[in-house]
Enquirer: 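Sharing a structure, written as structure tokens. Questions coming.
Naming: A, B, ... by sequence-line order, numbering from 1 per chain. Because the structure is a prediction, the values reported are computed rather than measured. The figures that follow rest on heavy atoms only: side chains count, while hydrogens, waters and symmetry mates do not.
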Protein chains: 2
Amino acid sequence: MSGNESRFEQNSEGAGYLPGLAMDFVIFGFDQDQLKILLLEYRNTNLFALPGGFVKENENLNDAARRVLGERTGLADIYLDQFYTFGDLSRYDQEPLRTIMQAKGMDPKDDHWLLRRFVSVGYYALIDFRRAAPTPDPLSDNCVWYTLENLPALMLDHNDIVKKALETLRANLDRKLGGNESWAAPLLAKAFTMGELQKLYETILGQKLRRSGFQRKMLGLDILERLEKQYSGGAHKAPYLYQFIIDK
Amino acid sequence: MSGNESRFEQNSEGAGYLPGLAMDFVIFGFDQDQLKILLLEYRNTNLFALPGGFVKENENLNDAARRVLGERTGLADIYLDQFYTFGDLSRYDQEPLRTIMQAKGMDPKDDHWLLRRFVSVGYYALIDFRRAAPTPDPLSDNCVWYTLENLPALMLDHNDIVKKALETLRANLDRKLGGNESWAAPLLAKAFTMGELQKLYETILGQKLRRSGFQRKMLGLDILERLEKQYSGGAHKAPYLYQFIIDK
DNA sequence: TTATATTGTCTCATTATGGAACAATAATAA
DNA sequence: TTATTATTGTTCCATAATGAGACAATATAA
């Protein structure tokens with residue numbers, strides 16, 4: 001992190017990084033029946049942004065994504081999906097970043113590398129809300145979970161990026177219904193009830209599903225192992241707990 | 001095309017273009033029951049590549065894609081899909097491009113902008129085989145249709161790019177089956193038989209489909225208009241001709 | 001005129017899905 | 001202790017979708 005700090009402040013040329021290329025992340029977590037994503041906050045500016053990063057000159061693009069994801073969440077081995085590359089000219093707006101840098105006491109020149117035009121590769125990730133250690137980058141003051149329905153206005157085209165990420169995630173859910181479902185594992189506890197799994201689907205898809213049909217389909221996929229243990233805590237029949245079958 | 005020529009030869013800095021960012025195209029056409037894509041050939045080098053291009057400094061990424069697609073095929077208003085961005089270090093191999101430039105009588109220095117590392121945004125397009133005017137770029141000698149099953153070994157990671165494009169196209173076919181099917185229009189004649197449409201699906205998906213089921217599903221989508229005209233030419237009952245319903 | 005290949009449609013068994021019912025039961029209220 | 005309540009796991013059935021094939025229709029070739 002110490003070497004990280006310097007790339008923003010001391011190095012006005014962005015040496016060691018590919019010029020004009022950035023990455024932005026839509027990092028999904030699931031907590032209390034809500035989908036959330038990680039946002040960066042900039043104090044005194046009222047600006048919010050997606051976590052992002054840059055690609056080193058001797059680094060694979062997707063490796064850079066994993067590295068930055070680790071830097072922001074402390075997590076490795078994450079379900080990570082490159083979903084779109086954003087390259088509109090409307091992204092090229094020096095104002096927000098200049099405001100942020102000035103709020104940090106910097107006085108960047110017009111040709112500071114961070115103020116140039118960037119094309120940004122979008123990734124989304126599904127991570128374990130409970131294990132994540134949200135960490136702001138050197139320019140930000142905070143890295144916080146925001147409920148998807150409650151997002152503030154974000155910098156540049158970042159709201160569009162979130163929208164596209166969610167669309168892609170939904171489409172992939174449909175397609176992956178037949179395959180290995182372990183994508184959902186990081187979003188749930190190790191053992192979970194069928195109701196919790198259904199709630200996760202409903203939250204991502206933004207619509208209610210029929211209970212019996214959902215149970216029928218999930219059990220039919222042979223990806224769930226029913227545990228003998230039972231959950232307790234509600235004034236009703238105790239549901240089974242399930243785990244995803246690994247390997248498969 | 002005149003201004004195009006100069007960007008490769010006279011301008012060793014690539015001025016006016018975003019550095020390190022390229023686009024590669026998998027341009028699909030359909031002819032004689034075969035799926036084909038456009039390849040560039042380089043004489044005296046035995047090298048083949050996907051058509052590609054660069055993004056101007058004051059141009060949207062997707063607009064650049066449409067521009068380059070027009071330059072290579074002469075076509076506008078094309079179904080164009082950005083499917084993945086390729087950024088592995090293994091792409092960074094000066095040899096093929098140096099060979100090509102030398103075969104053209106150029107002697108580029110090691111830091112010639114074309115010999116630097118590029119991250120490339122992949123697009124695929126479905127175009128009308130009959131209306132296309134394949135046009136090589138200034139570095140290439142030829143722009144030719146190749147059957148997908150007969151592709152030669154391509155430069156750099158271009159075979160991977162083709163593979164990924166086909167995977168994406170197939171996945172999108174499945175998803176779009178319920179929606180508007182006009183994506184298929186550029187690949188077929190204005191009027192076509194159900195058998196021709198089925199053949200197109202089978203070729204893209206790489207598998208046989210059941211005839212009665214295909215007909216049932218297609219007619220049920222309400223996207224086809226049955227024409228009174230009938231095709232003739234085979235020693236059998238004449239099939240109906242169909243058109244896609246526009247607007248819808 | 002007959003044969004042949006392919007088409008448009010239909011049939012029927014099988015499977016999947018929508019929607020609801022039902023008994024089971026863990027906690028809570030009486 | 002007993003009744004109540006909310007939620008679960010399962011079953012049921014009507015409807016829809018799908019797989020696999022049968023059959024008559026017919027434009028050309030023999």
Enquirer: May I ask you to establish whether B/Arg226 and B/Tyr240 are in a cation-pi arrangement, using a distance under 6.0 Å from NZ or CZ to the six-membered ring centre and at most 45° from the ring axis?
Expert: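 Yes; both conditions hold, so B/Arg226 lies above the ring face of B/Tyr240.
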
Enquirer: How many whole angstroms separate atom CZ of B/Arg210 from atom P of C/dA13?
Expert: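 It is 19 Å, rounded to the nearest whole Å.
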
Enquirer: Looking only at the aromatic ring of each residue, does the gap between the centers of B/Phe192 and B/Phe244 stay below 6.0 angstrom?
Expert: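 So the answer is yes for these two rings.
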
Enquirer: With respect to the phosphate group of C/dT17, does any side-chain polar atom (N or O) of A/Lys217 fall under 4.0 Å of OP1 or OP2?
Expert: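 Result: yes.
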
Enquirer: Taking CZ from A/Arg216 and P from C/dT17, how many angstroms apart are they, rounded to a whole number?
Expert: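 A/Arg216 atom CZ is separated from C/dT17 atom P by 8 Å.
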
Enquirer: Give one of base, sugar-phosphate or nothing for B/Gly234, where a contact means two heavy atoms less than 4.0 Å apart.
Expert: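 The residue B/Gly234 makes sugar-phosphate contact but no base contact.
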
Enquirer: Quick one: B/Leu197 CG to C/dG8 P, roughly how many Å, whole number?
Expert: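 Spelled out: CG on B/Leu197 to P on C/dG8 is 12 Å.
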
Enquirer: Tell me every residue that passes side-chain contact (heavy atoms from CB on, under 4.5 Å) with B/Arg91, counting only those two or more places apart in sequence or in another chain.
Expert: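 With sequence neighbours excluded, B/Arg91 shows a side-chain contact (heavy atoms from CB on, under 4.5 Å) to B/Asp24, B/Phe86, B/Ser120, B/Asp157, B/Ile161, given in chain and number order.
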
Enquirer: With DNA chain D as reference, determine whether B/Ala235 or B/Ser212 sits nearer its 5' end, using the nearest nucleotide of each.
Expert: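 Per heavy-atom nearest nucleotide, the more 5' residue is B/Ser212.
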
Enquirer: Do side-chain atoms of B/Ser140 reach the backbone of B/Asn142 as a donor and acceptor pair under 3.5 angstrom?
Expert: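 Checked: no pair found.
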
Enquirer: Would you kindly give the CD-to-P distance between A/Gln207 and C/dG18, to the nearest whole Å?
Expert: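 One finds 10 Å between P of C/dG18 and CD of A/Gln207, rounded.
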
Enquirer: Just how far, in rounded Å, is P of C/dA5 from CZ of B/Arg211?
Expert: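 Rounding to the nearest Å, CZ of B/Arg211 and P of C/dA5 are 15 Å apart.
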
Enquirer: Taking heavy atoms of chain A and a 4.0 Å limit, find me the 5'-most and 3'-most nucleotide of DNA chain D within that range.
Expert: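 For DNA chain D, the relevant span reads D/dT5 to D/dC12.
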
Enquirer: Taking CG from B/Leu219 and P from C/dT7, how many angstroms apart are they, rounded to a whole number?
Expert: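 Rounding to the nearest Å, CG of B/Leu219 and P of C/dT7 are 14 Å apart.
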
Enquirer: Can you tell me how far C1' of C/dA16 sits from CD of A/Gln215, to the nearest Å?
Expert: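 Computing the A/Gln215:CD to C/dA16:C1' distance gives 17 Å.
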
Enquirer: Between B/Tyr201 and B/Phe214, is the ring centroid distance below 6.0 Å?
Expert: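 Under 6.0 Å, so yes.
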
Enquirer: Tell me the interatomic distance from B/Leu224, atom CG, to C/dG8, atom P, rounded to whole angstroms.
Expert: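 From B/Leu224 CG to C/dG8 P: 12 Å.
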
Enquirer: If you assign each of B/His236 and B/Pro239 to its closest nucleotide in DNA chain C, which residue comes earlier from the 5' end?
Expert: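 First, find each residue's nearest nucleotide; the 5'-ward one identifies B/His236.
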
Enquirer: B/Arg72 and B/Asp137: which non-hydrogen atoms are nearest, and at how many Å?
Expert: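 For B/Arg72 versus B/Asp137, the nearest heavy atoms are NH2-CB, 3.1 Å.
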
Enquirer: Under 4.0 Å between a Lys/Arg side-chain N and an Asp/Glu carboxylate O for B/Lys163 and B/Asp160?
Expert: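 Between B/Asp160 and B/Lys163 there is no salt bridge, as every charged N stays at least 4.0 Å from the carboxylate O atoms.
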
